[in-house]
Amino acid sequence: MNFLVTGGAGFIGSAVCRHLCANPAYRVTNLDKLTYAGNLASLRPIENAHNYRFEQADICDERAVLEILRRDDIDIVMNLAAESHVDRSIDGPGAFIETNIVGTYRILNAALEYWRGLSDERKAGFRFHHVSTDEVFGDLPFDGGMFVEETPYAPSSPYSASKAASDHLVRAWHETYGLPVVLSNCSNNYGPYHFPEKLIPLVILNALDEKPLPVYGAGANVRDWLFVEDHARALELVATRGRPGESYNVGGNSERTNLGVVEAICDLLDLRRPRAGGKRHRELIAFVTDRPGHDRRYAIDASKIARDLGWAPREDFDSGLARTVDWYLDNKWWWGPIREQRYDGARLGRATARPVENAQVENALVGNAPIGNAPIGDARTERSPAENAAESRKVTT
Ligand code: NAD
Ligand code: DAU
C-alpha cells in the first residue's frame with residue numbers, strides 16, 4: 001500500500017511517517033514545503049528506510065502533487081500539511097488561508113484527477129484522508145459537554161476557521177464528485193518533536209532556560225491532551241479502514257487546565273533537573289494577557305472511533321508528559337537549532353489593530369528567519385491571576 005503523507009516534516013506528520021514506515025508492507029512518500037515548522041531532523045529515524053522517500057513540494061502546486069501521485073502510484077493520501085499555530089493565525093491569517101483553504105482545494109483537484117484515471121478496483125480502494133482538528137467545533141462551557149461528530153462547526157480563530165473551510169471542501173468533493181474521503185478531528189497533541197511555539201514544549205524549554213513560563217489569562221482554559229503516537233495509530237486506522245464520507249473524532253480523554261499542565265511540567269523538572277539554590281520551577285510561571293478569542297474548553301467524545309475501528313489511546317497523560325519532558329532533556333540536538341535560528345519563544349498572537357498582510361507573513365516564514373522577537377512578560381502584558389480571572393472570555397485588543 002502506497003501512502004502520500006503531506007506535512008510529514010511537521011510534528012504529527014513526522015510521527016505518522018515514522019509509524020507507517022515500521023510496516024514493511026507500506027511505502028511512504030512525505031511531501032512537505034518545509035516552512036518554519038517543517039524539520040527533516042524529525043525524520044532521522046527513517047531517513048534511510050527502504051520504504052520512505054521525501055519530496056519538497058507545496059500542496060498549492062496542483063501539477064507537482066499530481067505528478068507525485070502518479071509517479072508513486074498512491075493508494076492513500078493523508079493530508080496533514082497546514083499552518084497549525086493559533087497565535088500565528090492571529091498575527092497573520094494570510095498564510096492560513098493560502099495553505100489550509102487554497103492548498104486543500106488544490107490537492108483535492110489533483111487527487112480527483114488522479115483518482116478518475118485509476119482502474120475500478122484501485123478507485124474503490126483509494127482514500128483521501130483529511131486530518132483536521134477539534135477547534136472547528138468552537139468551544140465548550142467549563143461545566144460540561146463534549147464534541148461529537150455531529151457537533152455544528154463554530155470556529156473562533158483564523159486558524160480554526162481555515163480548517164473548518166477545508167473540511168467543508170473535502171466533504172463537498174465527496175458529495176459532488178464522489179472522491180472517497182475520510183476525515184478525522186483530533187484534540188491537542190503532545191510528545192517528542194513538537195515545535196516549541198506550542199504550550200508544552202515552549203514551557204519545557206523556557207524552564208530549562210530559566211525564562212518566564214507564559215500562562216494566558218488565569219490558566220483556567222481546558223484542553224484534552226493526546227500523546228502524538230496514539231494519534232498516529234488512530235490516523236492509520238481512519239485512513240485504511242474508515243468509511244468513505246465519514247468523520248471520526250480522536251481524543252485522549254485527558255482534560256487539564258493550562259495552569260495544571262504547566263505546574264505538572266514544573267514538578268517533573270524539579271525532580272529531573274533541579275534549579276540552583278532549591279528554587280522551584282513554579283516560581284517562573286508568569287500570567288500574561290489572554291489570547292484574543294481564546295476558546296474556553298475542548299473535550300472529545302471518541303466513542304465512534306473506539307466502537308467502529310477499535311482504537312483507544314495507550315498513553316495516559318502523566319506517563320506521556322514524563323516521556324515528553326525526558327525526550328526534551330535528552331534531545332537538545334533537535335531543539336537547540338530551532339530556538340537559536342527559527343523561534344526563540346517570544347510572545348505571539350497578541351492581536352494587533354490589523355492583521356499583518358500575507359506578503360509580510362510569507363517573508364517572515366520563508367528562509368526560516370527568526371521570527372517574533374518581542375520579550376515575554378513585559379510591562380504591557382503582565383497581569384495578576386485575579387485580574388485575568390475577572391477578564392471576559394473574548395478579549396478583542
Ligand atoms: P506542524 O505545524 O507541526 O506541521 C505542519 C507541516 O506542514 C510542516 O512540516 C510544514 O512544513 C508543512 N506545510 C505547511 N504548509 C505547507 C504547504 N503549503 N505544502 C506542503 N507542506 C506544508 O503541524 P502539526 O501540529 O503536525 O499538525 C498537522 C495537522 O494536524 C494539521 O493539519 C493540524 O491542523 C492538525 N492537527 C494538529 C493538532 C495538534 O495538536 N498539533 C491537533 C489536531 C489536528
Ligand atoms: O485542539 C487541537 C489544536 O491544538 C490543534 O488544531 C492546533 O494545531 C494546535 O496548535 C493546538 O491548538 P492550541 O491553541 O490549543 O495549542 P497551544 O499549544 O497554542 O495552546 C494550548 C493552550 O495553552 C491554549 O489554551 C493557549 C495556552 N497557551 C499557549 C501558549 C503558546 C498559554 O497559556 N501560553 C502559551 O505560551
Side-chain angles (χ1 to χ4, degrees), residues 11 15 87 142 187-231 251-291 294-300 313-336 338-339 343-347 375-377 381-389:
F11 168 48
D87 290 333
F142 286 117
S187 62
N188 286 64
N189 284 217
Y190 69 102
Y193 304 101
H194 202 179
F195 192 85
E197 62 190 353
K198 311 283 167 58
L199 178 70
I200 288 180
L202 177 72
V203 163
I204 296 169
L205 299 191
N206 274 11
L208 293 177
D209 283 348
E210 296 272 328
K211 287 184 172 173
L213 312 180
V215 173
Y216 297 170
N221 300 60
V222 172
R223 295 292 181 266
D224 176 1
W225 293 96
L226 178 68
F227 194 67
V228 67
E229 291 170 13
D230 282 324
H231 190 196
N253 201 20
S254 292
E255 289 184 54
R256 297 286 187 282
T257 65
N258 292 336
L259 184 58
V261 169
V262 174
E263 288 177 342
I265 294 168
C266 289
D267 296 349
L268 283 163
L269 286 171
D270 284 346
L271 295 172
R272 285 156 160 81
R273 189 68 63 88
R275 294 176 75 197
K279 287 188 279 188
R280 298 195 64 197
H281 284 94
R282 286 185 183 214
E283 293 165 39
L284 293 170
I285 292 174
F287 292 93
V288 299
T289 317
D290 210 345
R291 171 187 280 174
H294 197 176
D295 285 333
R296 290 164 295 183
R297 174 173 164 259
Y298 303 142
I300 282 277
R314 291 180 183 157
E315 198 75 55
D316 69 41
F317 186 69
D318 292 338
S319 63
L321 191 65
R323 271 180 74 181
T324 303
V325 167
D326 287 341
W327 188 87
Y328 280 90
L329 288 173
D330 292 342
N331 289 284
K332 189 170 181 183
W333 69 271
W334 183 85
W335 56 260
I338 295 176
R339 291 272 285 191
Y343 173 60
D344 62 6
R347 176 77 194 262
I376 289 173
T381 58
E382 269 187 10
R383 295 184 183 198
S384 71
E387 280 173 307
N388 279 317

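All values below were derived from every heavy atom in this structure, side-chain atoms included, with hydrogens, water molecules and symmetry-related copies excluded.
For H231, there are no ring pair (Phe, Tyr, Trp, His ring centres under 6.0 Å) partners at least two apart in sequence or on another chain. In terms of the salt bridge (Lys or Arg N to Asp or Glu O under 4.0 Å) criterion, R273 has no residue partners (sequence neighbours excluded). Partners of R275 under the salt bridge (Lys or Arg N to Asp or Glu O under 4.0 Å) rule, at least two apart in sequence or in another chain, are E210. With sequence neighbours excluded, the residues that form a ring pair (Phe, Tyr, Trp, His ring centres under 6.0 Å) with F227 are Y190. In terms of the salt bridge (Lys or Arg N to Asp or Glu O under 4.0 Å) criterion, residue partners of R339 (sequence neighbours excluded) are, by chain and number, D209. In this structure, Y298 has no ring pair (Phe, Tyr, Trp, His ring centres under 6.0 Å) partners at least two apart in sequence or on a different chain.
No side-chain heavy atom of N189 sits less than 4.5 Å from a side-chain heavy atom of K198. For the pair V288 and Y216, the minimum side-chain heavy-atom distance is below 4.5 Å. Between D295 and R223 there is a side-chain heavy-atom pair separated by less than 4.5 Å. Here the side chains of P313 and L226 are in contact, with some heavy-atom distance below 4.5 Å. L321 has its side chain within reach of L268: a pair of non-hydrogen atoms, C-beta onward, lies under 4.5 Å apart. Between V228 and H194 the shortest side-chain heavy-atom distance does not fall below 4.5 Å. Proximity of L329 to L269: side-chain heavy atoms (C-beta onward) are separated by under 4.5 Å at one or more points.
Taking a cutoff of 4.0 Å between a charged side-chain nitrogen and a carboxylate oxygen, D230 and R314 do not qualify as a salt bridge. R347 and D87 are not joined by a salt bridge, as no carboxylate oxygen comes within less than 4.0 angstrom of a charged side-chain nitrogen.
The local environment of CG in D270 is crowded, with over 12 non-hydrogen atoms from other residues, nucleotides or ligands closer than 6.0 Å.
Atom CG of L202 sits about 10.5 Å away from atom CZ of F195, to the nearest 0.5 Å. Atom CD of E263 sits about 5.0 Å away from atom CD1 of I285, to the nearest 0.5 Å. From D224, atom CG reaches atom CD of E255 across 5.5 Å, with rounding to the nearest 0.5 Å. In this structure, L205 CG and L213 CG are separated by 11.0 Å, a value rounded to the nearest 0.5 Å. Rounding to the nearest 0.5 Å gives a distance of 7.5 Å between CD of E315 and OG1 of T324. Note that CG of D326 is 9.5 Å distant from CD1 of I204, once rounded to the nearest 0.5 Å.
When all heavy atoms are compared, the tightest approach of S187 to I300 is CB-CG1, 3.9 Å. The shortest heavy-atom contact between P212 and A286 is CB-CB, 4.0 Å. Closest approach of W225 and V261 over heavy atoms only: NE1-CG2, 3.5 Å.
When each of W333, W335, W334 is paired with N331, the side-chain hydrogen bond (donor to acceptor under 3.5 Å, both in side chains) condition holds for W333 and for no other.
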